[in-house]
Amino acid sequence: KPNDRVAIHEAMEQQTISVAKAGITTRLNSRTSVLAAANPIFGRYDNQANLGTNELQSTILSRFDCIFIVKDINNDDANNRIAKHILDLHQGRISKQTDTDIPFEILKKYIKYAKSKVNPRLSATASDKLQEIYIEEGKNHEDKDRQKILEMEFNYGQQLEAVIRLSESIAKMRLKPEVGLE
């Protein structure tokens, strides 16, 4: 909805949220992460159309670090497996928890530790490699006559920031003090 897009835009771009209550308007600072999901118009993604035609505006899309398009492909075999799995779950034939699940309390401690104690930064080699890729991509962009990715202008500065954020997040997940080449 247009109102939701405006709110998301402000939070992602300006790091603020405007609130209007009882005749008082205020702007609050926000550090935010946005995880969004959307269904395409008419309920099915049109493979022949670009993202914009599928009702996903490039002004919002360009601000996300990662975009995943998940399609429900109509396939009898896959549909049968999914239906059987769901029915088995509801009839108690399959346990929802597996042996590989991490106990919730341990996961909470891990996340708390990573958030409070681990603050990874780019290593010099990772920084040099990202700069090299950034410059190369810029050349490719010019060579392809103002190439458009997903039918929207591709901002390499924003994408570089996104790659850095994702790299730092992966290093934090691994409890590493530094972002390496991997």
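Other residues, nucleotides and ligands contribute more than 12 heavy atoms inside 6.0 Å of the NZ atom of Lys172.
With contacts defined as side-chain heavy-atom distances shorter than 4.5 Å, the pair Glu105/Lys108 qualifies.
The two residues Val179 and Pro120 have their closest heavy-atom pair at CG2-CB, 4.4 Å. Residues Ala126 and Leu122 come closest through the heavy atom pair CB-CD2, 4.2 Å. Residue Ser123 comes nearest to Gly180 through the heavy atom pair OG-CA, 4.0 Å, listed as atom of the first residue, atom of the second, then distance. Of all heavy-atom pairs between Arg27 and Ser18, the closest is NE-OG, 3.7 Å. Pairing each heavy atom of Val19 with each of Leu28, the nearest pair is CG2-CD1, 4.0 Å.
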Please walk me through it: do Tyr113 and Leu175 pass side chain to side chain contact (heavy atoms under 4.5 Å, CB included)?
CA-CA 9 Å; Tyr113 178 83; Leu175 305 177; 4.0 Å; yes
Ile102 vs Tyr110, side chain to side chain contact (heavy atoms under 4.5 Å, CB included): CA-CA, chis, key distance, verdict
CA-CA 10 Å; Ile102 298 170; Tyr110 167 78; over 6 Å; no
Start with the C-alpha distance between Glu161 and Arg165, add both sets of side-chain angles, then the distance that settles side chain to side chain contact (heavy atoms under 4.5 Å, CB included), and finish with yes or no.
CA-CA 6 Å; Glu161 288 280 349; Arg165 279 191 297 274; 3.6 Å; yes
Mind running salt bridge (charged side-chain N to carboxylate O under 4.0 Å, His left out) on Glu178 and Arg121 for me, showing each step along the way?
CA-CA 5 Å; Glu178 193 173 70; Arg121 293 289 170 226; over 6 Å; no
Stepwise side chain to side chain contact (heavy atoms under 4.5 Å, CB included) test for Lys129 and Leu181:
CA-CA 8 Å; Lys129 184 65 174 174; Leu181 280 178; 3.7 Å; yes
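Evaluated for a side-chain contact (heavy atoms from CB on, under 4.5 Å) with His85, the options Leu89, Asp88, Leu87 yield exactly one hit, Leu89.
Ile164 and Leu166 are members of different hydrophobic clusters when ILVMFWY side chains are connected at heavy-atom separations under 4.5 Å. In the hydrophobic cluster analysis, where Ile, Leu, Val, Met, Phe, Trp and Tyr join through side-chain heavy atoms closer than 4.5 angstrom, Ile111 is grouped together with Val118.
Rounding to the nearest 0.5 angstrom, the gap separating the CD1 atom in Ile170 from the NZ atom in Lys176 is 13.0 Å. Remark: Gln131 CD to Leu160 CG distance equals 9.0 Å, nearest 0.5 Å.
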